[in-house]
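Reading through the structure tokens given below for one structure.
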Amino acid sequence: MTKSLDIDALRERFLMKDFDEQVFEFSAAELVDYASSCGELAPRYTDPAHPEFQAPPTFATCLRPGRRLPEGFPNLPGLGMDAGKAVAPKAPILPGVPLTARSHLHDIYAKTGRSGRMTFLVTRMEIYDPAGTLLANADTRIVIREKPEA
Amino acid sequence: MTIRHVSEVEFGVELPVFEPDTSLDNVRRFVRAAHWDGPRFTDHDAARKEGLPGALVPGIMSQGFLAAMIHRWAPDALIENVDTVFRAPVIVDEAYRIAGVVTDIDAAAGRVEIDLTVTNEKGETRVFGTATVRLPA
């Protein structure tokens, strides 16, 4: 028998609490390759000599946390799948600048349909520069299609 | 037509179709830059051994295609948000087309909302996204 996740209890225990922190740094050449391979033509993303050179706007989604869920989070009662990603750039991500990425569970909710209950976990990674300026939010949604209780 | 100002945008207008480069060489370049290098993205045989139909274009690269398409249409657009749903795999070396349509305009705020889809040669939607962008008045 598989027990359903208790959404209210999980929200109370895990929401809005940082569970992971990583530091990243990228070179100008890497930012150019990232942008150019995606088909970007705007010089502010492809030319390091441009006065506003920066990472392309979806770049923050490539940063990966060290762990997917907080320590102590219960085993998922079903198959967890990547349901999508959202990114909201706030300030330029620059080459050679250490990026501190902190992750927390931002939302937990359930939807019930004909095929049963699906639980959504939204992990938000917040990316900061060394001055503490928020550069971007990157959300990853995991959906769990729960197995029915026997 | 290249868009410079929000006043030039019309509700329901379709963005020029973008056909992204999904070649193995280009995906290899991307995953190295993103620090995502791995055989499931860079080696068809290795990906098939994992049960995949072939090497995958990473979802984050598809998201990058969507942003690039917006900038090809409106080079000065500031992307405020891109929300992407990965419905099915995008396979390396296969042809895809990206379509976009303007679904909302807030002229006072300079904001435009765009729905974007990545479809394969059979017309199947593999990735769906919504973007909010800001344009000069």
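Fair warning: this is a prediction, and the values are worked out from it, not measured in the lab. Convention: sequence-line order gives letters A, B, ...; per-chain numbering from 1.
- Both Phe14(A) and Ile7(A) are members of a single hydrophobic cluster when ILVMFWY side chains are connected at heavy-atom separations under 4.5 Å.
- Rounded to the nearest 0.5 Å, atoms NE2 (His71(B)) and OH (Tyr45(A)) are 3.5 Å apart.
- In plain terms, the two heavy atoms of Pro75(B) and Ala42(A) that are nearest each other are O-CB, 4.4 Å.
- Put simply, Val97(A) and Phe53(A) are part of two different groups of oily side chains (I, L, V, M, F, W, Y) that touch within less than 4.5 Å, one to the next.
- Within the 4.5 angstrom heavy-atom criterion, atoms from both the backbone and the side chain of Pro89(A) approach chain B.
- Hydrophobic clustering, with ILVMFWY side chains joined whenever heavy atoms are under 4.5 angstrom apart, keeps Ile142(A) apart from Phe128(B).
- Note: Phe86(B) CZ to Asp82(A) CG = 6.0 Å, rounded to the nearest 0.5 Å.
- A centroid separation of less than 6.0 Å is found between the aromatic rings of His35(B) and Phe26(A).
- Using a 4.5 Å cut-off on side-chain heavy atoms (C-beta onward), Arg32(B) and Asp33(A) make no contact.
- Without hydrogens or angle criteria, Gln63(B) side chain to Lys85(A) main chain gives a donor-acceptor distance under 3.5 Å.
- Considering every non-hydrogen atom in both Cys38(A) and Phe30(B), the closest pair reads SG-CE1, 3.6 Å.
- Taking 4.5 Å as the heavy-atom cut-off, the residues of residues 61-73 of chain A that approach chain B are Thr61(A), Cys62(A), Arg64(A), ordered by number.
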Q | side-chain contact (heavy atoms from CB on, under 4.5 Å) between Tyr34(A) and Ile60(B), worked out | A | CA-CA 10 Å; Tyr34(A) 194 105; Ile60(B) 58 168; 4.0 Å; yes
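- For Ala74(B), no part lies under 4.5 angstrom from a heavy atom of chain A.
- Put simply, Val23(A) and Phe19(A) are part of two different groups of oily side chains (I, L, V, M, F, W, Y) that touch within less than 4.5 Å, one to the next.
- Heavy-atom distances place no part of Ser27(A) under 4.5 Å from chain B, backbone and side chain included.
- By number of non-hydrogen pairs under 4.5 angstrom with chain A, the leading residue of Thr130(B), Val82(B), Val85(B) is Val82(B).
- Of the residues considered (Leu31(A), Thr58(A), Leu41(A), Val87(A)), Val87(A) shows the highest number of contacts with chain B, using heavy-atom pairs under 4.5 Å.
- Considering OG1 of Thr84(B) and CG of Asp139(A), their distance stands at 11.0 Å, rounded to 0.5 Å.
- The part of Phe18(B) that comes within reach of chain A is its side chain, from C-beta onward, which places non-hydrogen atoms under 4.5 angstrom from that chain.
- Looking only at heavy-atom pairs under 4.5 Å with chain B, the residue among Gly84(A), Ser37(A), Pro56(A), Ser36(A) that has the most is Ser37(A).
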Q: Take Asp83(B) and Arg141(A), measure what salt bridge (Lys or Arg N to Asp or Glu O under 4.0 Å) needs, and give me the verdict at the end.
A: CA-CA 10 Å; Asp83(B) 194 347; Arg141(A) 290 186 297 277; 3.0 Å; yes
